[in-house]
Amino acid sequence: MIAVLLAVLGFAAVTQVRTNSDDTNYSAYREQDLVDLLSALSATSERVQSQITQLEQTRLHLQQNTSDRQAALAQADKQLSDLKILAGTVPAQGPGIAITITDPDNGVATASVLDLIEELRSAGVEAMSFNDRVRVVADTAIDATGAGITVDGVQLHSPYVLTAIGDPTTLAGAVTFARGPEYILEHDVQGNPNGATVDVAQKPQVLVRPVVTR
């Protein structure tokens, strides 16, 4: 729009000058008339230049506003995407870890699994799922049964594979530090081995596919 206005304004100015050049016989003018004419042309030129400057400023302002709106929209889109991932309403993909808990004797306590999840959250985990079937979110409920554990009412059996997205090194460290979740999962409250084993694998790319539908 600004470009069109500038083009029209320039065309009008050139046309006016050409018209004056073609239709005016300056030889018949008195000196004072020529001075007045020159002053008028100078004033017109100044007005035209002022209008051009204003239009250029308007164009720059519009461009700046457009850039600001685009940046704000991009930021809003990213925040929305992050919130959807945290809420578990969309699949997520990225670097992370896969934690495999093998528990043939059902010796793993529910509290130990919850402790694992909380440690991962503290380490900045972005998304988690169990056995590629259940998404783990803020209000996920975990219960023990004679056949294994239930996650949000879904019955799971050993081995339990917890897939987590986040910095692989940081997440792995949050599981394997001394007397941390790995130790707690493999031992009972008295510190005796309960028959469970924990394997933590860092991966350049993992996929958390389950979504929350409730």
Side-chain angles (χ1 to χ4, degrees), residues 75-214:
Q75 181 63 26
D77 287 341
K78 183 180 185 306
Q79 290 178 345
L80 178 60
S81 178
D82 291 343
L83 288 174
K84 286 182 177 180
I85 290 175
L86 290 175
T89 58
V90 295
Q93 184 173 348
I97 62 174
I99 306 167
T100 302
I101 306 169
T102 304
D103 184 24
D105 301 325
N106 292 327
V108 172
T110 302
S112 301
V113 179
L114 292 173
D115 180 75
L116 168 65
I117 292 173
E118 289 305 315
E119 287 291 347
L120 290 173
R121 284 173 176 158
S122 298
V125 71
E126 298 173 17
M128 294 179 282
S129 68
F130 264 111
N131 287 37
D132 202 25
R133 293 181 59 194
V134 190
R135 188 68 167 263
V136 178
V137 292
D139 60 349
T140 293
I142 298 177
D143 297 299
T145 68
I149 63 173
T150 61
V151 180
D152 281 340
V154 178
Q155 179 69 59
L156 301 179
H157 303 282
S158 173
Y160 314 116
V161 180
L162 178 60
T163 303
I165 294 177
D167 180 73
T169 302
T170 302
L171 295 184
V175 178
T176 60
F177 70 89
R179 299 280 175 167
E182 180 181 41
Y183 176 87
I184 294 173
L185 287 165
E186 294 178 344
H187 296 79
D188 59 24
V189 292
Q190 286 79 33
N192 301 313
N194 59 12
T197 59
V198 177
D199 176 73
V200 180
Q202 299 184 37
K203 297 180 177 294
Q205 201 73 205
V206 296
L207 177 62
V208 173
R209 286 183 289 192
V211 296
V212 175
T213 57
R214 61 178 183 276

Next on the checklist: Leu185 vs Asp115, test: side chain to side chain contact (heavy atoms under 4.5 Å, CB included). Steps then yes/no.
Outcome noted: CA-CA 9 Å; Leu185 287 165; Asp115 180 75; over 6 Å; no
Checklist entry - With distance as the sole test, does Glu119 use its side chain to make a donor-acceptor pair with the main-chain N or O of Gly180 at under 3.5 Å? => result no
Item to check | Test item: Val151 and Ile149 side chains (from C-beta on) under 4.5 Å apart, heavy atoms | outcome: yes
Next on the checklist: Can a donor-acceptor pair be found, under 3.5 Å and without considering hydrogens, that links the side chain of His157 to the backbone of Ala147?
Outcome noted: yes
Item to check | Residue pair Val136 / Arg121: nearest heavy atoms and the distance that separates them | outcome: CG1-NH2, 4.0 Å
Checklist entry - Under the side chain to side chain contact (heavy atoms under 4.5 Å, CB included) criterion, do Ile165 and Val206 qualify, and how do the steps go? => result CA-CA 7 Å; Ile165 294 177; Val206 296; 3.5 Å; yes
Item to check | Partners passing ring-ring contact (aromatic ring centres under 6.0 Å, His included) against Phe177 (at least two apart in sequence or in another chain) | outcome: none
Checklist entry - Would you find a donor on one side and an acceptor on the other, under 3.5 Å apart, between the side chain of Ser112 and the backbone of Val108? => result no
Checklist entry - Sequence neighbours excluded, which residues qualify as side-chain contact (heavy atoms from CB on, under 4.5 Å) partners of Thr150? => result Asp143, Thr145, Gln155
Checklist entry - Is it true that a side-chain atom of Thr163 and a backbone atom of Val208 form a donor plus acceptor pair closer than 3.5 Å? => result no
Item to check | Contact summary for Arg135 and Ile85, nearest pair of heavy atoms | outcome: NH2-O, 3.0 Å
Item to check | Partners passing side-chain contact (heavy atoms from CB on, under 4.5 Å) against Thr102 (at least two apart in sequence or in another chain) | outcome: Thr100, Pro104, Ser158, Pro159, Thr197
Next on the checklist: Has Asp188 got a side-chain atom pairing as donor or acceptor with Gln190's backbone, closer than 3.5 angstrom?
Outcome noted: yes
Checklist entry - Is there a donor-acceptor pair under 3.5 Å between the side chain of Asp105 and the backbone N or O of Gly107? => result no
Checklist entry - Yes or no on side chain to side chain contact (heavy atoms under 4.5 Å, CB included) for Leu162 and Leu116, after CA distance, side-chain angles and deciding distance? => result CA-CA 10 Å; Leu162 178 60; Leu116 168 65; 3.7 Å; yes
Item to check | Any Thr110 side-chain heavy atom under 4.5 Å of Leu114 side chain | outcome: yes
Item to check | side-chain contact (heavy atoms from CB on, under 4.5 Å) partner of Glu182, the single match among Ile99, Asp199, Thr176 | outcome: Thr176
Next on the checklist: Are Ile117 and Met128 packed together at the side-chain level, in the sense that at least one heavy-atom pair is separated by less than 4.5 angstrom?
Outcome noted: yes
Item to check | Donor-acceptor pair, side chain of Ser129 and main chain of Pro210, under 3.5 angstrom | outcome: no
